[in-house]
Amino acid sequence: MPELPEVETVRRTLEPAIVQQTISGLTVGAFSGVLGGMEPELANALLTGRRVRSIRRRGKYLLIDLDDGSGIEVHLRMTGHIELAPVERDPIRFQHLALHFENGIDLRFADQRKFGRVIVHAGNPELGLKTKLGPEPLSSDFTSVVLAAILGKRYAPIKSALLDQKAIAGIGNIYADEALFLSRIHPLRPAKSLTPEEIRKLHRNIRRVLNSGLEHRGTTFSSYRDANGESGENQQHLYVYGRGRSGGACPHCGHPLTHLVISARTSHFCPNCQRLPSGDSSAAI
DNA sequence: ACACTGCCCTGCGAGC
DNA sequence: TGCTCGCAGGGCAGTG
């Protein structure tokens, strides 16, 4: 599941290969819905001849800026995958789109589950995202004071708040569970019930787990790869994600981990280290 | 504005 | 061996 560290790792592997390169064409496969409704012929016409000026990341979105002010927005969703390859190489599995460059390199987009999108924008690809995304959690603007303001007005479970891209951009299920575990906060705690000390801890641990993910070039739980086809290593550095269902032991206290479904996402946590205040009825299993 | 639900989509692993 | 079935979850539309 590509989250901020995975998308950033893809961006970093893509950047040296495509910046300053000129697009020579676009090939779209049977699933043209990957373009989000745009006709492939139009997308091809808009992109052909354009040069890549830069590649940015905003939350879990990749933004490719082109020389005429237009751009491409890419979202990998769950199983989306980008890979660089010479144009003559066979299409990769589940490939839906290939962006061809004049230097003979392809940027291929593949997605087993067809959730991901490659959207061509006639203008700045970031414009539509501004109202949909909260602050970047690794930016210097994201202070614990900012986090407190975001959480202070929400009754929803802290886990739901962390997954809300409008609150904070780029956190997904894996890094949310990891940050809550390190902060010893139960995922069902109402966001606004966190104490100032807990918010400071959570702020620190959000950045810690995201930086760990970046350092290890992403978490490869099933299908994630960077643009060079390399797996990440961060799965070896996770504390609780994915282990609450198999009865794994808490790395801190040894208690069996457990899981709950919150916001239709499975939350993995330690019922001993991450407790609900007494009196709350939704006690851990 | 916020909170919550259902939908999309399909390979994979578990169970029989 | 071969089949069925549940699971994975980001973003969005729809509803209250």
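Model, not experiment: these values are computed from the prediction. Each chain gets a letter, A, B and so on, in the order its sequence line appears, and its residues count up from 1.
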Student: If you measure only the distance, is there a donor-acceptor pair under 3.5 Å linking the side chains of A/Asn173 and A/Thr266?
Tutor: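 Their side chains do not contain a donor-acceptor pair, so the 3.5 Å distance test is not met.
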Student: Write down the atom of A/Gly244, the atom of A/His259, and the distance for their closest heavy-atom approach.
Tutor: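 In this case the closest contact between A/Gly244 and A/His259 is O-CD2, 3.2 Å.
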Student: What is the separation between atom CG on A/Leu129 and atom C1' on C/dG11, rounded to the nearest whole Å?
Tutor: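 Rounded to the whole Å, the gap is 12 Å.
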Student: Could you tell me how far apart A/Met78 (CE) and B/dG11 (C1') are, to the nearest whole angstrom?
Tutor: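 Rounding to the nearest Å, CE of A/Met78 and C1' of B/dG11 are 13 Å apart.
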Student: Round to a whole Å and report the spacing from CD1 of A/Ile150 to C1' of B/dA1.
Tutor: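 Between C1' of B/dA1 and CD1 of A/Ile150: 16 Å.
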Student: Report yes if some heavy atom in the side chain of A/Ile158 is under 4.5 Å from a heavy atom in the side chain of A/Leu202; otherwise report no.
Tutor: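 Yes, side chains in contact.
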Student: Could you tell me if A/His121 and A/Glu73 have a donor-acceptor pair between their side chains, going purely by distance under 3.5 Å?
Tutor: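 There is such a pair (donor and acceptor under 3.5 Å, judged by atom type) between the side chains of A/Glu73 and A/His121.
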Student: Scan A/Tyr241 against the nucleic acid and name what it touches under 4.0 Å (heavy atoms): base, sugar-phosphate only, or nothing.
Tutor: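 Sugar-phosphate, no base atom in range.
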Student: Are A/Glu3 and A/Tyr224 close enough that a side-chain donor and a side-chain acceptor fall under 3.5 Å?
Tutor: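 Side-chain D/A pair, A/Glu3 to A/Tyr224: absent.
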Student: Pick one: which of A/Arg184, A/His252, A/His255 meets side chain to side chain contact (heavy atoms under 4.5 Å, CB included) with A/Asn272?
Tutor: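 Among A/Arg184, A/His252, A/His255, the one meeting side chain to side chain contact (heavy atoms under 4.5 Å, CB included) with A/Asn272 is A/His255.
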Student: Just how far, in rounded Å, is C1' of C/dG11 from NZ of A/Lys166?
Tutor: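 Checked: the NZ to C1' distance equals 13 Å.
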Student: Is the phosphate of C/dG10 approached by A/Arg117 (side-chain N or O, under 4.0 Å from OP1 or OP2)?
Tutor: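 Result: no.
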Student: Atom CD of A/Gln95 to atom C1' of B/dT10: distance rounded to whole Å?
Tutor: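 Value for this atom pair: 18 Å.
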Student: Verify the cluster assignment for A/Ile82 and A/Val52: are they in a single hydrophobic cluster under the rule of side-chain heavy atoms below 4.5 Å apart?
Tutor: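 In one cluster with A/Ile82: A/Val52, yes.
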Student: A/Leu163 has a side chain; which of B/dA3, B/dG11, C/dG10 sits nearest to it?
Tutor: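 Nearest nucleotide to the side chain: C/dG10.
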Student: What is the separation between atom CG on A/Leu151 and atom P on B/dA3, rounded to the nearest whole Å?
Tutor: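 Whole-Å distance recorded here is 11 Å.
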Student: Distances for protein N/O vs nucleotides 12-16 of chain C N/O pairs under 3.5 angstrom?
Tutor:
from   : atom 1 : to       : atom 2 : distance (Å)
C/dC12 : OP1    : A/Lys132 : NZ     : 2.8

Student: State, to the nearest 10°, the angle formed by the axis through the first five base pairs of the helix from B/dC2-C/dG16 to B/dC16-C/dG2 and the axis through its last five.
Tutor: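 Helix axis angle between the two ends: 40°.
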Student: For the side chain of A/Glu3, counting heavy atoms from C-beta on, which of C/dC7, B/dC4, C/dG10 is nearest?
Tutor: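 The listed nucleotide nearest to A/Glu3's side chain is C/dG10.
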Student: Do A/Ser183 and A/Asn205 get their side chains close enough for a donor-acceptor pair, meaning under 3.5 Å?
Tutor: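 The criterion, which ignores hydrogens and geometry beyond distance, is satisfied for A/Asn205 and A/Ser183.
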Student: Of the nucleotides B/dC9, C/dA8, B/dC4, which one has an atom closest to the side chain of A/Thr266?
Tutor: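 Nearest listed nucleotide: C/dA8.
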Student: The test is salt bridge (charged side-chain N to carboxylate O under 4.0 Å, His left out); show your working for A/Asp106 and A/Arg108 and say whether it passes.
Tutor: CA-CA 6 Å; A/Asp106 272 3; A/Arg108 276 97 178 267; 2.9 Å; yes
Student: Between A/Lys114 and B/dT10, is there a contact of a side-chain N or O with OP1 or OP2 at under 4.0 Å?
Tutor: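 Affirmative; the distance criterion is met.
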Student: I want to check one thing: is the phosphate of C/dG11, taken as OP1 and OP2, less than 4.0 Å away from some side-chain N or O of A/Gln165?
Tutor: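 Checking C/dG11 against A/Gln165, a side-chain N or O does come within under 4.0 Å of OP1 or OP2.
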Student: Strictly below 4.0 Å: does A/Lys60 bring a side-chain N or O up to OP1 or OP2 of C/dG11?
Tutor: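 Answer is yes, contact under 4.0 Å.
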Student: Identify the two heavy atoms, one from A/Gly116 and one from A/Asp111, that lie closest to each other, and give their separation to 0.1 Å.
Tutor: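 Minimum heavy-atom contact is N-OD2, 2.6 Å.
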Student: A/Leu62 has an atom CG; how far is it from atom P of C/dG11, in whole Å?
Tutor: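 Atom CG in A/Leu62 sits about 13 Å away from atom P in C/dG11.
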Student: On the nucleotide B/dC8, are OP1 or OP2 found under 4.0 Å from the side-chain N or O atoms that A/Arg113 carries?
Tutor: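 Negative; the distance criterion is not met.
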Student: Taking A/Gln21 for its side chain and A/Arg51 for its backbone only, find out whether a donor-acceptor pair lies under 3.5 Å.
Tutor: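 It does not hold such a pair.
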Student: How do A/Tyr155 and A/Ala264 order along DNA chain B: which one's closest nucleotide is nearer the 5' end?
Tutor: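 Its nearest nucleotide being more 5', the pick is A/Tyr155.
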Student: Which one, B/dC9, B/dG11, C/dG10, comes nearest to the side chain of A/Phe94?
Tutor: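 Nearest to the side chain of A/Phe94 among the choices is B/dG11.
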Student: Does C/dG10 have OP1 or OP2 sitting under 4.0 Å from an N or O in the side chain of A/His75?
Tutor: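 Checking C/dG10 against A/His75, no side-chain N or O comes under 4.0 Å of OP1 or OP2.
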Student: Counting only side-chain heavy atoms from C-beta out, which of C/dA8, B/dT10, C/dG10 sits nearest to A/Gln112?
Tutor: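 For A/Gln112, the side-chain atoms sit closest to B/dT10.
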Student: Starting from P on C/dA8, measure out to CG on A/Asp111 and report it in whole angstrom.
Tutor: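 Atom CG in A/Asp111 sits about 18 Å away from atom P in C/dA8.
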